[in-house]
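Read through the structure below, which is laid out as structure tokens, and then see the notes.
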Amino acid sequence: IYFSFINSNTDMVVMKDENRRIILANDAFCNKFKFSYKEIIGKRDDEGLFSDDTLKLIREIDSLVVNLNTTVNKEFRFNNYIFDVKAFPIKLLDDHTGIGVIVRDITDKNKKNNLQKALLEISKISYQDLDLRAFLKEIHCNISSVINAQNFYIALYDKKTDKYSFPYYIDEMDDYESDELITLKD
């Protein structure tokens with residue numbers, strides 16, 4: 001009955017026994033790390049489940065939970081994901097202490113926060129007394145904090161002449177600076 005409750009959670013949930021063997025893992029955990037339930041039950045984290053860097057973090061968290069009998073909150077990166085981890089001591093049926101872990105994927109939340117910060121910074125920049133080139137460079141810098149903008153340009157369209165100018169242009173391969181107006185139509 002409890003497993004269906006735990007399994008319905010979109011956060012990843014893992015329970016380990018006193019020997020740090022996994023005794024429960026919900027579908028969210030198995031799916032995120034591409035394990036089957038059968039593959040991981042009864043295994044320790046160091047039995048081929050995780051990379052050395054991830055193992056180091058898991059051992060650090062587990063040691064704090066067990067040795068200090070306390071809850072540990074930690075944020076960590078795994079591949080292209082950002083996770084918020086909450087690990088805590090749990091009392092097992094045989095009066096031993098195990099470890100409970102709840103892992104929340106905060107990647108999207110983090111991206112949204114970064115986007116919001118970048119937009120706020122761009123709005124602040126618009127109130128500064130900067131020349132156009134410096135202003136556009138600041139915009140590029142802020143956009144780079146959210147997306148890959150190694151190759152980036154800003155084009156201005158002149159409706160009267162039906163032409164474009166490129167006051168800001170950054171490219172890994174090409175160097176382009178020109179105030180001339182160009183037509184993009186055939």
Side-chain angles (χ1 to χ4, degrees), residues 7-14 25-36 39-40 45 48-61 71-87 101-186:
N7 209 30
S8 67
N9 196 331
T10 57
D11 290 338
M12 295 164 264
V13 179
V14 177
N26 70 352
D27 286 346
F29 179 85
C30 293
N31 292 338
K32 180 61 82 176
F33 294 105
K34 297 179 178 29
F35 299 128
S36 72
E39 280 180 290
I40 61 173
D45 299 318
L49 298 179
F50 298 101
S51 69
D52 289 341
D53 290 341
T54 303
L55 273 176
K56 183 179 175 184
L57 178 70
I58 291 170
R59 286 182 181 134
E60 174 188 329
I61 291 171
T71 298
V72 175
N73 291 303
K74 193 142 187 133
E75 191 176 290
F76 83 100
R77 294 177 185 275
F78 177 81
N79 293 336
N80 292 324
Y81 297 101
I82 303 170
F83 295 110
D84 181 47
V85 178
K86 182 175 214 158
V101 182
I102 299 173
V103 181
R104 178 168 289 164
D105 183 347
I106 59 170
T107 308
D108 289 339
K109 179 182 175 184
N110 197 32
K111 285 179 182 177
K112 288 175 187 175
N113 287 343
N114 288 343
L115 177 60
Q116 191 171 18
K117 285 178 192 175
L119 292 172
L120 179 62
E121 286 302 311
I122 288 171
S123 70
K124 287 179 183 178
I125 293 164
S126 68
Y127 287 104
Q128 295 177 8
D129 185 23
L130 299 172
D131 65 53
L132 182 61
R133 179 89 176 143
F135 174 70
L136 297 178
K137 184 174 183 173
E138 287 295 322
I139 287 177
H140 178 217
C141 181
N142 280 283
I143 288 175
S144 294
S145 72
V146 181
I147 61 172
N148 179 350
Q150 291 175 314
N151 299 307
F152 182 83
Y153 68 87
I154 295 176
L156 300 177
Y157 176 66
D158 184 337
K159 192 173 184 177
K160 290 178 187 175
T161 63
D162 193 29
K163 293 187 178 191
Y164 293 86
S165 65
F166 294 86
Y168 190 83
Y169 183 97
I170 299 291
D171 189 283
E172 291 176 295
M173 303 296 195
D174 298 324
D175 195 18
Y176 177 84
E177 270 197 49
S178 174
D179 293 330
E180 87 179 61
L181 296 173
I182 61 171
T183 303
L184 298 180
K185 293 181 181 179
D186 289 334

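The chain is numbered in sequence order, starting from 1.
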- Message: Below 30° counts as parallel, above 60° as perpendicular, anything between as tilted: where do the rings of Y157 and Y164 land?
- Response: tilted
- Which pair of heavy atoms, one from A28 and one from T10, lies closest together, and at what distance? CB-O, 3.5 Å
- Task: Indicate yes or no: at least one non-hydrogen side-chain atom of I182 is less than 4.5 angstrom from one of K163.
- Result: no
- Aromatic plane relationship, Y169 with F166 - under 30° parallel, 30 to 60° tilted, over 60° perpendicular: perpendicular
- Between OG on residue S145 and CD1 on residue I122, distance to nearest 0.5 Å: 7.5 Å
- Between V146 and A118 the two heavy atoms that sit nearest each other are CG2-CB, 3.5 Å
- Heavy-atom donor-acceptor pair, N31 side chain to D27 backbone, under 3.5 Å: yes
- Note on the structure: Smallest heavy-atom separation, N26 atom then N9 atom, equals ND2-O, 3.5 Å
- Between D11 and R104, does at least one N-O distance fall below 4.0 Å, as a salt bridge requires? yes
- Sorted by chain and residue number, the side-chain hydrogen bond (donor to acceptor under 3.5 Å, both in side chains) partners of D105 (sequence neighbours excluded) come out as K32, T107
- Query: When rounded to the nearest 0.5 angstrom, what distance separates CG in L136 from CG in L156?
  - Reply: 7.0 Å
- List the atom of I154, the atom of P167, and the distance in Å for their closest heavy-atom pair. O-CD, 3.3 Å
- Correct closest heavy-atom pair for L55 and D45 would be CD2-O, 3.3 Å
- Are L130 and I125 close enough, and set up right, to give a side-chain contact (heavy atoms from CB on, under 4.5 Å), and what steps lead you there? CA-CA 8 Å; L130 299 172; I125 293 164; 3.9 Å; yes
- Message: On a heavy-atom basis, which atom in I143 and which in A149 lie closest, and how many Å separate them?
- Response: CG2-CB, 4.2 Å
- Query: With side chains defined as the heavy atoms from C-beta onward, is the minimum distance between I40 and F29 less than 4.5 Å?
  - Reply: yes
- N151 side chain to E172 main-chain N or O, any donor-acceptor pair under 3.5 Å? yes
- Note on the structure: One should read off an interatomic distance between E138 CD and Q128 CD, to the nearest 0.5 angstrom, of 6.5 Å
- Task: Please round to the nearest 0.5 Å and tell me the distance separating atom CG of L49 and atom OG1 of T54.
- Result: 11.0 Å
- Message: Less than 4.5 Å apart, side chain to side chain, heavy atoms only: is that true for K124 and N142?
- Response: no
- Task: Could you tell me the separation between the CZ atom of R133 and the NZ atom of K137, rounded to the nearest 0.5 Å?
- Result: 7.5 Å
- Between CG on residue L115 and CG on residue L120, distance to nearest 0.5 Å: 11.0 Å
- Query: What orientation do F33 and F83 show, parallel under 30°, tilted 30 to 60°, or perpendicular over 60°?
  - Reply: tilted
